[in-house]
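These numbers come from a predicted model, not from an experiment. Every chain is numbered from 1, with letters handed out A, B, ... down the list of sequences.
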2 protein chains.
Amino acid sequence: MAKPVVPDPRRTLTLRDVSEASGVSEMTVSRVLRNRGDVSDGTRERVLEAARRLGYVPNKIAGALASQRVNLVGVIIPSLSNMVFPEVMTGISDVLEDTGLQPVVGVTNYLPEREESVIYEMLSWRPSGLILAGLEHSEASQAMLAQAGVPVVEIMDIDGTPVDSAVGISHRRAGRQMAEAIVAAGYRRIAFLGTQMPNDHRAKKRLAGFEEALAREGLQLADREFYSGGSALLKGREMTEAVLKRSPDVDFLYYSNDMIGAGGLLYCLDQGIDVPGRVGLAGFNGVELLDGLPRRLATMDACRLDIGRLAAEIIAGKRPDGIVGGEIIELTPTLQPGDTIRKV
Amino acid sequence: MAKPVVPDPRRTLTLRDVSEASGVSEMTVSRVLRNRGDVSDGTRERVLEAARRLGYVPNKIAGALASQRVNLVGVIIPSLSNMVFPEVMTGISDVLEDTGLQPVVGVTNYLPEREESVIYEMLSWRPSGLILAGLEHSEASQAMLAQAGVPVVEIMDIDGTPVDSAVGISHRRAGRQMAEAIVAAGYRRIAFLGTQMPNDHRAKKRLAGFEEALAREGLQLADREFYSGGSALLKGREMTEAVLKRSPDVDFLYYSNDMIGAGGLLYCLDQGIDVPGRVGLAGFNGVELLDGLPRRLATMDACRLDIGRLAAEIIAGKRPDGIVGGEIIELTPTLQPGDTIRKV
DNA sequence: AAACTGGCTGTTAGCGGTAACTTATCAATC
DNA sequence: GATTGATAAGTTACCGCTAACAGCCAGTTT
């Protein structure tokens with residue numbers, strides 16, 4: 001029967017403790033705990049029992065140093081609070097789950113210098129791979145990533161040149177597509193409402209694509225309004241009110257994300273404005289949240305789950321055909337017309 | 001002038017490379033890079049220049065093993081996607097920022113066995129501390145935490161016995177308080193709408209406190225409805241419809257979180273139901289999202305930012321008076337009556 | 001019977017840093 | 001001029017674990 005163990009509270013346990021408690025060498029304990037190499041059933045049992053009894057937790061720091069292998073994948077994203085990255089994380093976790101790899105999240109708050117230090121910090125732990133949002137990074141960041149010697153996957157966006165691999169959609173094209181759909185539905189006085197953030201490159205690209213497509217139709221933005229910080233839903237309301245007051249003849253509002261779009265929708269409904277007759281509305285992302293709105297907001301899903309999945313597959317070396325790196329995967333977002341664009 | 005460096009792409013750089021490139025010992029390089037000990041300005045310059053030129057990134061694995069110090073704080077939470085934890089994370093990051101400590105997030109999806117393995121995984125990296133949501137953990141988890149030899153802070157909840165320290169609110173009391181306010185406002189036929197999850201202990205405690213306070217007034221729940229999964233906003237709508245159809249005489253709906261509460265609110269407004277006259281509504285959390293709703297939902301803020309801050313301060317040893325551990329900090333949530341409870 | 005398996009276990013030498021100590025140098029002090 | 005103390009380096013010995021290899025002992029194989 002297991003003897004009562006009085007663990008010395010000051011010292012943390014090592015392999016040696018387990019090896020002494022079970023009467024075998026440290027190496028054998030190591031083998032048992034990692035399920036590697038041949039160990040007889042009897043020995044395995046004794047070792048496991050001892051480890052359990054002592055409450056031994058292996059020291060991965062030492063293990064990683066010795067084996068030169070770290071089962072961590074760094075995931076670097078701009079923000080946790082905007083509903084888009086949690087889903088990406090889900091995709092990543094799903095795939096990594098059964099590879100022995102573990103995601104570690106770092107947040108940059110859309111600050112390039114913060115991104116730089118997060119990258120540095122992550123690389124200093126020698127992860128098996130890095131997944132990071134966006135293609136725009138400081139020069140120093142790019143250099144670090146290129147030197148890192150591990151797979152790097154840049155996600156969300158493919159309008160640009162990745163350091164290594166990329167998985168995402170073309171935001172430029174997404175903007176274009178939305179503009180085309182809006183114009184095709186007969187809207188002509190179109191306004192843009194979006195975020196101020198200078199480092200939200202993807203929103204900027206969508207806007208650029210959007211304006212480009214409008215220009216091709218001989219149109220230009222009738223108005224624009226920006227915000228930063230605060231409750232997105234509330235900001236959506238406020239901006240919508242501002243635009244409609246300032247430019248009463250505007251007939252479409254294109255929002256840079258679904259959350260402010262939802263705020264705008266609620267405002268219009270409050271005011272009894274005919275949607276999509278008097279004004280049409282569209283957002284971007286396809287967040288689940290929208291399902292519960294009084295009316296379904298037109299949007300474009302950003303393939304977030306798939307992006308996470310594919311990125312993780314590249315890191316885990318699970319992509320078919322042994323493609324090693326330098327892969328660029330473009331996903332195609334689909335327009336969800338909802339109920340806020342006139343049917344043609 | 002800096003010689004062009006042709007880094008061997010197969011081998012990752014070590015201190016030795018920098019030491020050779022700058023003509024000093026590894027130890028001196030180590031000192032420069034960590035800003036520790038006395039190094040002459042000239043040497044410091046040369047070392048930094050060499051490190052920069054080579055693109056050297058220190059190996060924290062080796063550093064941590066040698067120094068027995070890891071600047072990581074594990075943060076274990078049930079989910080990223082419910083708006084409550086991002087704010088906790090913000091509080092944690094704020095405080096940790098200037099302590100040299102770095103948060104590392106792990107997600108359990110409300111699964112105890114998953115929590116167990118996340119704890120194990122985290123402890124195997126020998127972090128400087130652990131912050132985890134909730135007081136309910138498997139026996140094995142508790143044992144690991146108790147043995148870990150690092151500060152452990154359990155957050156969000158204080159109705160129970162923490163392993164070490166705890167920072168949170170009393171959900172039982174929060175539920176009671178809300179019930180009292182509702183009854184005081186004159187509502188009598190009260191329904192509860194909430195999550196199904198057996199492991200959302202905090203929601204359960206709120207409900208328990210709620211029912212307890214009702215009982216004290218000689219009341220009991222008129223109806224209840226549960227959901228799991230899916231878009232919370234949509235579920236809020238559906239559940240509200242179901243309850244109001246099934247129990248037309250219900251005059252108050254208490255939701256276990258703001259998101260489903262918002263869905264319920266939108267439903268009622270759609271249906272032209274008089275809120276708060278015909279039915280009153282209340283949620284829980286005080287999420288920012290609510291600011292943009294057509295009407296402000298009654299709720300109770302959960303002090304998420306402060307919880308994060310205080311937890312991080314405990315880990316960082318920043319708490320006043322040198323309290324070392326075993327601290328229990330109870331925060332007091334405030335009722336935000338909004339516009340969905342009748343004024344008395 | 002010698003040689004050869006294959007299964008199981010132990011030994012040795014690091015992994016890349018850092019703590020703690022030692023050594024050289026040099027100006028200031030007595 | 002010898003002593004001291006501060007400063008700026010270098011040396012040595014690990015940190016806890018694993019890769020690689022070596023040993024040993026049945027049970028074949030020839």
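Atom CG in B:Asp17 sits about 9 Å away from atom P in C:dG17, given to the nearest Å. B:Leu33 has its CG atom 11 Å from the C1' atom of C:dG17, to the nearest Å. Rounded to whole angstrom, the span from the CE atom of B:Met27 across to the P atom of C:dT18 amounts to 7 Å. A straight line from CD1 of A:Ile61 to C1' of D:dT18 spans 15 Å, rounded to a whole angstrom. Following rounding to the nearest Å, B:Leu15 (CG) and D:dT11 (C1') show an atom-to-atom distance of 15 Å. The distance between atom CG of A:Leu13 and atom P of D:dC15, rounded to the nearest whole Å, is 15 Å. Straight-line distance from the CZ atom of B:Arg46 to the P atom of D:dA8: 13 Å, rounded to whole Å. Atom CG of A:Asp38 is separated from atom C1' of C:dG7 by 6 Å (rounded to the nearest Å).
Side-chain nitrogen and oxygen atoms of B:Thr14 include none within less than 4.0 Å of the OP1 or OP2 phosphate oxygen of C:dC15. Dashed line: the shortest gap from a side-chain N or O of B:Thr28 to OP1 or OP2 of D:dG10 is under 4.0 Å. Listed pair B:Arg69 / C:dA19 meets the phosphate criterion, a side-chain N or O lying under 4.0 Å from OP1 or OP2. For C:dT11, neither phosphate oxygen OP1 nor OP2 lies less than 4.0 angstrom from any side-chain nitrogen or oxygen of A:Ser25. At the phosphate of C:dG16, neither OP1 nor OP2 sits under 4.0 Å from any side-chain N or O atom of B:Tyr56. Residue A:Ser67 places none of its side-chain N or O atoms closer than 4.0 Å to OP1 or OP2 of D:dT18. Phosphate contact (OP1/OP2 of C:dT9, side-chain N/O of A:Thr43, threshold under 4.0 Å): present.
Taking 4.0 Å as the cut-off between side-chain N and carboxylate O, B:Glu87 and B:Arg304 count as a salt-bridged pair. Of the charged side-chain nitrogens involved, at least one lies within less than 4.0 Å of a carboxylate oxygen, so that B:Arg53 and B:Glu49 count as a salt-bridged pair. Classification of B:Arg46 and B:Asp41 as a salt-bridged pair fails, no side-chain N sitting under 4.0 Å from a carboxylate O. Using a 4.0 Å cut-off between charged side-chain N and carboxylate O, B:Arg16 and B:Glu20 make a salt bridge. Using a 4.0 Å cut-off between a side-chain N of Lys or Arg and a carboxylate O of Asp or Glu, B:Arg44 and B:Asp38 do not qualify as a salt bridge.
DNA chain D is contacted by both B:Leu65 and B:Glu26; B:Glu26 maps to the nucleotide lying nearer its 5′ end (nearest heavy atom per residue). Nearest-nucleotide positions on DNA chain D for A:Ser30 and B:Arg31 put B:Arg31 closer to the 5' end.
A:Asn59 comes within 4.0 angstrom of sugar-phosphate atoms only, judged by non-hydrogen atoms across all strands, and of no base.
Considering only side-chain atoms of A:Ala66, the nucleotide from D:dA8, D:dG16, C:dT9 that sits closest is D:dG16. Taking only side-chain atoms of B:Arg34, from C-beta outward, the nucleotide of C:dA19, D:dC17, C:dG16 with the closest atom is C:dA19. When distances are taken from the side chain of A:Gln68 to each of D:dT18, D:dT11, C:dC15, the shortest belongs to C:dC15.
Counting heavy atoms from C-beta on, the side chains of B:Arg202 and B:Asp200 come closer than 4.5 Å.
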